[in-house]
Amino acid sequence: MNHSYLAFRTSPIIVFLMISLIILTGCGDGQKISDPLPEKPLTGQAGDGNLEQIVDYIRIDKGLPALAAVLVHDGQIIEMAATGTRKINSNIAVTTEDKWHIGSLTKSMTSTLAAMLVKQGVINWNTTIADVYPELSGVMKSEYENIRLDQLLSHTSGMRPNLPALNSYHNSSLDIVSQRQKMVEEALILNPEVDEGEFLYSNLGYMVAGAMMERLTSTSWEALLENNLFTGLTMTRSGFGITDVQNNLSQPVGHLSQGSGWTASNTDNPKVLGPAGIVHSSLEDMGNYIAAHLAGARDNDVSGFLTASEFSKLHTPSENSNYALGWGITDNALNHNGSNVKWLANITIFPDNNTALFIVTNAADIQKNSNSKSLKAITDLSDELVKRADTAFTN
């Protein structure tokens, strides 16, 4: 299993791509998108009703099965659109009600959950691994004994990017909490990859952090996320793993790159990876989520959820890093990308402009770097949404 941390510049934003690359078996025949390219629509302004035309133009231009976006301003969903099909060469169109896999965008949700549990007094940011797993003292590598929760969530724990035997968990007969306990025992005997305090993007660190929350609450990470974050932000169409559970195109499926085309693949990473990247959500749910973080990034409380100071902890980079707790931080934005190599999703939050974006496609060819169609689509659509927001809301 490989891991990639790639930064690429868009105009006017920088987006950080953090991806867990786990190669799973696909199905399909590598077909291409063959829709005729329409005339390029005018950029217009947010809320003018033309977003669907823009999304569809970029989707067809980049040859993607489907593409979707939602734009939030001042706490409100201003516009959203979804175009294309749930599977390549099917005739079942995506809708704005569909669910989309968000990959590593899950990490900011896990960190947000941690903030909620800190608020409840269940755990502290300085709670260490040894505090939660005292029975592993003397068994775990000594370097991990005093690693704190916030170090795990800021990728400064020293842990390696991924668990070597992660794919073996696909076939586990254990319940999910027991799987994560087993994972912790395996993770803590591995040598650190880097020194404590040094940034190294780590899915494994997030998996351990999620397991710590499970241990202290006797509740699965999935149930904790549902009962706290999803409920708190009215995210009623969010869940875990693949979206098309019945394999009948009731929801979109992901697509792997194959040559110059795509092959459909209705698979995901093992459930044990959950806290690092297996959430799926609807556009409206993601709109609610980014609206909350936009408010927090503007030093506002979100009533019944988190205060401005609690959001500040989530949005403040660790020392000598441009990464906070689930967020890449630039001078003017919070951002993160996520992919399970079959979907690509992106959040960008602009506190100064009181605007936030979520963009997602059910196809990913991130290994192609600058030639990636999915990355170019995210970039182009981000640019269009920023311009639309600026025109609508900047005096």
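These figures come from a predicted structure and were not determined experimentally. Throughout, residue positions are numbered sequentially from 1 according to the sequence presented.
With Asn335 contributing its side chain and Ile347 its backbone, the two residues share no donor-acceptor pair below 3.5 Å. Within the 3.5 Å criterion, the main-chain N or O of Leu334 finds no donor-acceptor partner in the side chain of His336. Of the possible polar contacts, none joining the Ser137 side chain to the Ala130 backbone as a donor-acceptor pair under 3.5 Å is found. Looking only at distances, a side-chain donor or acceptor of Thr231 sits under 3.5 Å from a matching main-chain atom of Glu226. Asp175 places a side-chain N or O within 3.5 Å of a backbone atom of Ser178 that can act as its donor or acceptor partner. Judged purely by atom type and a 3.5 angstrom limit, Ser202 uses its side chain to pair as donor or acceptor with the backbone of Arg160. Under the 3.5 Å distance criterion, the side-chain polar atoms of Thr361 are left unmatched by any main-chain donor or acceptor of Ser374. In terms of modelled atom types and a separation under 3.5 Å, the side chain of Asn126 and the main chain of Arg148 share no donor-acceptor contact. Between the side chain of Asn228 and the backbone N or O of Leu113 there is no donor-acceptor pair closer than 3.5 Å. No donor-acceptor distance shorter than 3.5 angstrom exists from the side chain of Arg237 to the backbone of Ser282, with no hydrogens or angles considered.
Rounding to the nearest 0.5 angstrom, the gap separating the CD1 atom in Ile123 from the CG atom in Leu149 is 4.5 Å. Taken to the nearest 0.5 Å, the CG atom of Leu51 stands 11.0 Å off from the OG1 atom of Thr43. Interatomic distance, CD1 of Ile349 versus CD1 of Ile290, reported as 6.5 Å (0.5 Å rounding). Between the CG atom of Leu64 and the CH2 atom of Trp262 there is a distance of 5.5 Å, given to the nearest 0.5 Å. Taken from CH2 in Trp125 to CG in Leu117, the straight-line distance is 9.0 Å, to the nearest 0.5 Å. Remark: Asn362 CG to Ser265 OG distance equals 11.5 Å, nearest 0.5 Å.
Pro351 and Leu294 make their closest contact through CA-CD1, 4.0 Å (heavy atoms, listed as atom of the first residue, atom of the second, distance). Across all non-hydrogen atoms, the minimal contact from Pro270 to Tyr169 is CB-CB, 4.0 Å. Of all the heavy atoms in Thr243 and Pro252, the pair that sits closest is OG1-O, 2.5 Å. Heavy atoms only, all atoms of each residue included: Thr96 and Ala82 are closest at CG2-N, 3.9 Å. Counting all heavy atoms, side chain and backbone alike, Ala345 lies closest to Ile102 at CB-CA, 3.9 Å. Across every non-hydrogen atom of Lys107 and Ala276, the tightest pair is NZ-O, 2.7 Å.
In this structure, Lys141 has no salt bridge (Lys or Arg N to Asp or Glu O under 4.0 Å) partners at least two apart in sequence or on a different chain. Here Tyr289 pairs with His293 under the ring pair (Phe, Tyr, Trp, His ring centres under 6.0 Å) rule; sequence neighbours left out. Not a single side-chain hydrogen bond (donor to acceptor under 3.5 Å, both in side chains) links Lys99 to another residue, sequence neighbours left out. For Glu284, there are no salt bridge (Lys or Arg N to Asp or Glu O under 4.0 Å) partners, not counting sequence neighbours. Ser318 is linked by a side chain to side chain contact (heavy atoms under 4.5 Å, CB included) to Ser154, Thr156, Ser321, counting only residues two or more places apart in sequence or in another chain.
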Taking it one step at a time, do Ser372 and Asp365 satisfy side-chain hydrogen bond (donor to acceptor under 3.5 Å, both in side chains)? CA-CA 5 Å; Ser372 166; Asp365 56 353; 2.6 Å; yes
side-chain contact (heavy atoms from CB on, under 4.5 Å) between Gln251 and Thr95: does it pass, once the steps are laid out? CA-CA 9 Å; Gln251 293 291 332; Thr95 76; over 6 Å; no
Please test Leu273 against Asp268 for side-chain contact (heavy atoms from CB on, under 4.5 Å), starting from the C-alpha separation and ending with a verdict. CA-CA 10 Å; Leu273 183 131; Asp268 195 16; over 6 Å; no
Before giving the answer on side-chain contact (heavy atoms from CB on, under 4.5 Å), spell out for Leu204 and Met183 the whole-Å C-alpha distance, their side-chain angles and the decisive distance to 0.1 Å. CA-CA 9 Å; Leu204 188 54; Met183 173 274 300; 4.0 Å; yes
Worked verdict on Leu67 versus Ile58 for side-chain contact (heavy atoms from CB on, under 4.5 Å): CA-CA 8 Å; Leu67 183 64; Ile58 293 172; 3.9 Å; yes
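You'll find the ring centres of Tyr206 and Trp221 outside the 6.0 Å limit.
Using a 30° and 60° split on the angle between ring planes, Tyr323 and Tyr201 fall in the perpendicular class, above 60°.
A salt bridge is defined here as a Lys NZ or Arg NE, NH1 or NH2 lying under 4.0 Å from an Asp or Glu carboxylate O, and Lys40 with Asp61 fails to meet this definition. Asp56 has a carboxylate O that lies under 4.0 Å from a charged side-chain N of Arg59, or vice versa, which qualifies the two as a salt bridge. Between Asp244 and Lys87, none of the side-chain N atoms (NZ, or NE/NH1/NH2) sits under 4.0 Å from a carboxylate O, so this pair counts as no salt bridge. For the pair Arg388 and Glu79, the salt-bridge criterion is met [side-chain N within less than 4.0 Å of a carboxylate O].
Counting heavy atoms from C-beta outward, Leu136 and Tyr144 have side chains that stay 4.5 Å or more apart. In this structure, the side chains of Leu314 and Thr112 come closer than 4.5 Å at one or more pairs of heavy atoms. Counting heavy atoms from C-beta on, the side chains of Val272 and Leu166 come closer than 4.5 Å. Looking at heavy atoms from C-beta onward, Leu152 lies in side-chain contact with Ile147 at the 4.5 angstrom threshold. Within the 4.5 Å cutoff, no side-chain heavy atoms of Lys271 are placed close to those of Phe240. Looking only at side-chain heavy atoms (C-beta outward), Met286 and Met80 stay at 4.5 Å or farther from each other. A 4.5 Å side-chain heavy-atom check between Met212 and Asp131 finds every atom pair outside the cut-off. A 4.5 Å side-chain heavy-atom check between Leu375 and Lys368 finds every atom pair outside the cut-off.
Leu174 and Ile176 fall into different hydrophobic clusters, defined by Ile, Leu, Val, Met, Phe, Trp and Tyr side-chain heavy atoms under 4.5 Å apart, directly or through other members. Grouping the Ile, Leu, Val, Met, Phe, Trp and Tyr side chains by contacts below 4.5 angstrom, directly or via other members, places Val208 with Met213. Under the 4.5 Å side-chain heavy-atom criterion for Ile, Leu, Val, Met, Phe, Trp and Tyr, Ile189 and Leu163 are members of distinct hydrophobic clusters.
Just one residue in the list Glu185, Glu186, Glu214 forms a salt bridge (charged side-chain N to carboxylate O under 4.0 Å, His left out) with Arg180, and that residue is Glu214. In summary, of the residues considered (Leu385, Leu71, Thr348, Leu105), a side-chain contact (heavy atoms from CB on, under 4.5 Å) with Phe358 occurs for Leu105 alone.
No side-chain donor from either of Glu196 and Asn146 sits under 3.5 Å from a side-chain acceptor of the other. Under the 3.5 Å distance criterion, with hydrogens and angles disregarded, no donor-acceptor pair is assigned to the side chains of Lys342 and Asn266. No side-chain N or O of Asp301 forms a donor-acceptor pair with one of Ser303 less than 3.5 Å apart.
The ring pair (Phe, Tyr, Trp, His ring centres under 6.0 Å) pairs that include a residue from residues 41-79 are His73-Phe393, where partners are two or more places apart or lie in different chains.
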